[in-house]
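Right, one structure below, let's go through it.
Just so you know, these numbers use all the heavy atoms, side chains as well, and skip hydrogens, waters and symmetry mates. Sequential numbering from 1 along the given sequence is applied to the chain's residues. Since the model is a prediction, treat every value here as computed from it, not as a measurement.
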Amino acid sequence: MSTWQDALVALRQEIDSHHRMVAGSATKLESALKAYDAAIEASSRELDLLKQVDLALLNSSFDLDAVIALIVKGALGLTGGDFGQLLLPQDSEHLKIVWSTPGGPVAGLPVPVAGSVTGRAFRTGQAQHIGDTRTITDGYFEFVPGMTSELAVPMKSEDAQVLGVINIESSRPHAFTPHHREVAQLLASQTAIAFRNARLYAELTGILESQVDILSQTGSLRNTLALIGQRAKDIVGAEQCQVLRTDRDALVIEFTTGSEQIGTRVLITDSISGLAAKSGKTHIIADVLSDPEAKTLYKAVLPGMRSEMVVPLTAGGDVLGVINLESPLPGAFAGRESLVKRFANLAAFAILNAKRVEDLLRSLQVQSETWAMAQIGDIASNLIHRLNSDVGAIKVLSAELLHGGANLPAQSSMITDRISEIYAMAIRALKIPAELKKRLETANQYDTLDVNVVVKHVLSELDRPPGVECDLRLDPGIPNIYTSLLFDEVLKNLIQNAYDVMSDGGRLEVETRAWRLEHATGEPVVGIELSVIDTGPGMSAELLGRILQLGVSQKSHRQGLGFGLWWVRTFLDRVGGQLQIESTEGVGTTVVVKMPRSSNRPEPHGLPQVS
C-alpha cells in the first residue's frame with residue numbers, strides 16, 4: 001500500500017476516534033443536564049415546600065397539627081423516606097409520639113430517651129444519621145418493622161432548648177444523604193418556630209380569657225383561687241399546680257391538682273413556696289434533683305416532678321399567696337417567668353376583689369347572726385318563764401297526788417310509780433330553765449380562764465360512751481385567755497359531737513398548745529390552740545363544706561338539729577376566735593379552735609338580754 005493510502009487510513013481512524021469522543025461527551029453532557037434538571041426540580045420542590053411552611057406559619061389560625069403534618073410529609077417527600085414521626089418530651093425519661101404518618105406507630109406511644117436514636121438526638125441536640133440500623137446492637141427503638149435507615153433531627157428554639165424531634169425512616173439502607181440532613185434540619189427549625197408561635201398565641205389567648213373569667217367571677221374566694229390555679233396550669237402547660245394563700249406564719253392550700261387536702265398548712269420556712277412568699281420574688285427550680293435549695297426544701301405534689309416555679313401573688317406590697325407550678329421535665333419553665341408574673345398580677349387583683357366581696361358578705365352574715373342570737377335570747381327569756389310556770393305546776397300537782405291523801409284506786413301501786421317518775425322528771429326539768437338563765441346571764445360576763453382546767457371540767461360533766469378511749473395532751477405552758485364564760489359551751493359542743501358519732505366505740509383526743517406566729521416581730525405566742533380529734537365516720541367533702549351552716553348536722557335527725565357547730569362558729573366570730581375543721585370519710589374529724597389571749601367584746605346591743 002502506498003504512503004498516501006496509509007495516511008488516509010490513519011486520518012480515518014483519527015476521525016472515528018474524535019466521533020467516538022464527541023458522542024461520549026454528548027452522552028455525559030446529556031447525563032449532566034439530566035442531573036442538573038433533577039437537582040433544579042428537587043430544589044424547586046424544596047423551595048415550594050418551604051414557601052408552604054412559611055405561609056402556614058403566618059396563618060392566623062395557628063393550626064399546629066396541620067403545620068406538623070405538612071412539615072413531616074414534606075420531609076418524607078424531599079428525602080425519599082417511607083415513614084415519619086414527630087416526638088415531644090413526656091417526662092425526663094421518655095418522649096412521646098404526637099404525630100405519625102399512616103401505618104406508623106400510634107400517637108401517644110412512649111419512646112425511651114436512653115434507648116433510642118430519637119432520644120440521642122433529644123439529649124445531645126444534634127442530628128442522628130443512621131445508615132443501617134441493623135448494625136446497631138444497643139440503643140435502638142423500632143418504630144416500624146423493616147426500616148433500615150433513620151434520620152432523627154432535633155427541633156431547637158432560639159435559645160437552643162430542644163423542644164422535640166422529627167424522625168424519618170426508610171426501608172433502604174443508607175437512604176439519606178448529608179443534603180437530606182440539612183433539609184430536615186431546616187424543616188425542624190421551622191417546626192420549632194411553629195411551636196413557638198402556637199404557644200405564644202395560646203398563652204395570649206389564655207391570659208385574655210382568664211382576665212374575662214377571673215374578673216367576672218362572683219363566687220367565693222376559694223372558687224376564685226381554684227379558677228386561677230387551673231388557668232395558670234393550662235397557660236404554661238404544667239403537670240401540677242397549687243394555689244396557696246398566706247396565713248401569718250404559714251401558707252394554706254386552697255387549690256391543688258394533686259391529692260393534698262384542701263386547707264393543709266405549709267410552714268413558710270419549710271418549702272420553696274414559702275421562700276417565694278417571704279421574699280415576694282419568683283423562684284424557679286430547673287431540676288429538683290440537682291438544685292441545692294431544692295434538696296432541703298422541695299416537696300413534690302406528685303412523684304416524678306423535676307422542675308418547679310413559684311410566683312407570688314402580690315398586691316399593694318402585700319403577698320396574698322403564691323402559685324406553685326410543677327413539671328416532670330427539667331427546665332420546663334425556662335423563659336416563662338414574665339408570662340406567669342403578668343398573669344399573677346391579674347390574679348392578685350381578682351383575689352383582692354373576691355376578698356372584699358367575701359368580707360362584706362361575712363360582715364352582713366355576722367350582723368344577721370348577732371341579731372338572730374339577740375332574738376334567741378328574747379325567746380329564751382320567755383321560754384324560761386313558761387317552763388318555770390308549767391313544769392312548776394306539774395311538780396305541785398304530782399306532789400299533791402303522792403302526799404296529799406287523795407283517794408286512789410286499789411291497784412294504786414303502778415299509778416304511784418308513774419306519778420313518782422313524773423315528779424322526778426319535773427324536778428330535773430326545772431333545772432333546765434335555771435341553767436339556761438344562768439348561761440344567758442354569763443354571756444355578758446368575761447373572765448380569765450385556764451383552758452386546761454376548762455377541758456378537765458367539761459370532760460367530768462359529760463358521759464363518755466362505752467368503748468370510747470380518751471387521750472389528753474394538755475400543754476401546761478399555754479397562756480390563760482380572757483374571754484366569755486360561755487367558752488366552756490364551745491368545748492361541750494365539740495366533745496359531745498365527737499361522743500355522738502362514736503357510739504360504737506373509738507378514740508377521742510383533746511390537745512392544747514400555744515398559738516405561735518413564726519415570724520412575729522414581738523411576742524410570738526398570741527393565744528391558745530385547742531384540738532378535738534375523733535375517729536368517727538368522718539364527713540364527705542360536700543358535707544364538710546356545709547357543716548357550719550344552721551340546720552346542717554353530721555348526726556342523724558334524731559340526734560342532731562344542726563345548731564351546735566353553727567353556734568360555736570358565731571360565738572368564736574364574736575369573740576375574735578377561729579374555727580378550722582378537717583375531716584376524711586372513714587378516718588375521722590379534727591376540729592381546731594384558736595383563741596387570742598384577750599377576746600373582743602361584742603357590742604352590747606348584740607347580746608341576748610335576760611329579764
Side-chain angles (χ1 to χ4, degrees), residues 42-59 61-90 94-111 113 116-122 124-131 133 140-157 161-172 175-199 201-202:
S43 297
S44 177
R45 288 200 308 271
E46 290 176 6
L47 288 174
D48 286 343
L49 174 63
L50 294 177
K51 287 179 181 178
Q52 291 179 45
V53 173
D54 285 337
L55 289 174
L57 293 178
L58 294 174
N59 189 338
S61 67
F62 291 95
D63 187 348
L64 189 58
D65 289 340
V67 174
I68 290 173
L70 175 66
I71 288 176
V72 178
K73 288 178 181 177
L76 290 176
L78 295 178
T79 61
D82 298 315
F83 292 95
Q85 304 89 29
L86 188 136
L87 302 92
L88 297 179
Q90 176 173 292
H94 296 87
L95 302 172
K96 68 176 178 180
I97 298 173
V98 297
W99 192 90
S100 177
T101 47
V106 296
L109 178 70
V111 178
V113 171
S116 64
V117 176
T118 51
R120 227 170 18 252
F122 182 78
T124 63
Q126 302 296 323
Q128 301 295 312
H129 182 190
I130 308 299
T133 59
Y140 176 68
F141 183 89
E142 185 179 65
F143 289 93
V144 180
M147 299 296 105
T148 57
S149 296
E150 186 170 4
L151 178 59
V153 182
M155 303 182 309
K156 296 183 184 179
S157 63
Q161 181 185 2
V162 179
L163 306 177
V165 177
I166 293 177
N167 191 54
I168 305 169
E169 296 181 291
S170 174
S171 59
R172 295 174 291 111
F176 305 119
T177 67
H179 178 68
H180 291 151
R181 181 172 61 186
E182 292 174 1
V183 172
Q185 286 176 320
L186 181 58
L187 291 173
S189 298
Q190 290 185 298
T191 309
I193 294 172
F195 270 83
R196 182 202 62 188
N197 290 348
R199 188 175 73 178
Y201 178 77

Tell me whether K156 at atom NZ has more than 12 heavy atoms from other residues, nucleotides or ligands lying less than 6.0 Å away.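 Yes, enclosed.
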Enter the distance from [X]:[atom1] to [Y]:[atom2] here, rounded to the nearest 0.5 Å.
X    : Y    : atom1 : atom2 : value
Q185 : Q126 : CD    : CD    : 8.0 Å
I168 : F143 : CD1   : CZ    : 12.0 Å
W99  : K73  : CH2   : NZ    : 5.0 Å
R181 : Q128 : CZ    : CD    : 9.5 Å
I130 : M147 : CD1   : CE    : 15.5 Å
L151 : T118 : CG    : OG1   : 12.0 Å

If we only count heavy atoms from C-beta on, is the [X] to [Y] side-chain gap below 4.5 Å?
X    : Y    : answer
E169 : F176 : no
S170 : T148 : no
I97  : L86  : no
H129 : E150 : no
F141 : L109 : yes

Restricting to non-hydrogen atoms, name the atom on [X] and the atom on [Y] that form the minimum distance, rounded to 0.1 Å.
X    : Y    : answer
M155 : V165 : CE-N, 4.1 Å
P110 : H94  : CB-CD2, 4.2 Å
G108 : Q90  : O-OE1, 4.5 Å
L76  : F83  : CD2-O, 3.3 Å
A107 : V98  : CB-O, 4.1 Å
A121 : P154 : O-CB, 3.7 Å

Any sub-3.5 Å donor-acceptor pair from T101's side-chain atoms to G84's backbone N or O?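 Confirmed, T101 side chain pairs with G84 backbone.
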Could you give me the CA-CA distance, side-chain angles and deciding distance for D82 and S171, then say whether side chain to side chain donor-acceptor pair (under 3.5 Å) is met? CA-CA 7 Å; D82 298 315; S171 59; 3.1 Å; yes
Determine, stepwise, if the pair V113 / L95 fulfils side chain to side chain contact (heavy atoms under 4.5 Å, CB included). CA-CA 6 Å; V113 171; L95 302 172; 4.1 Å; yes
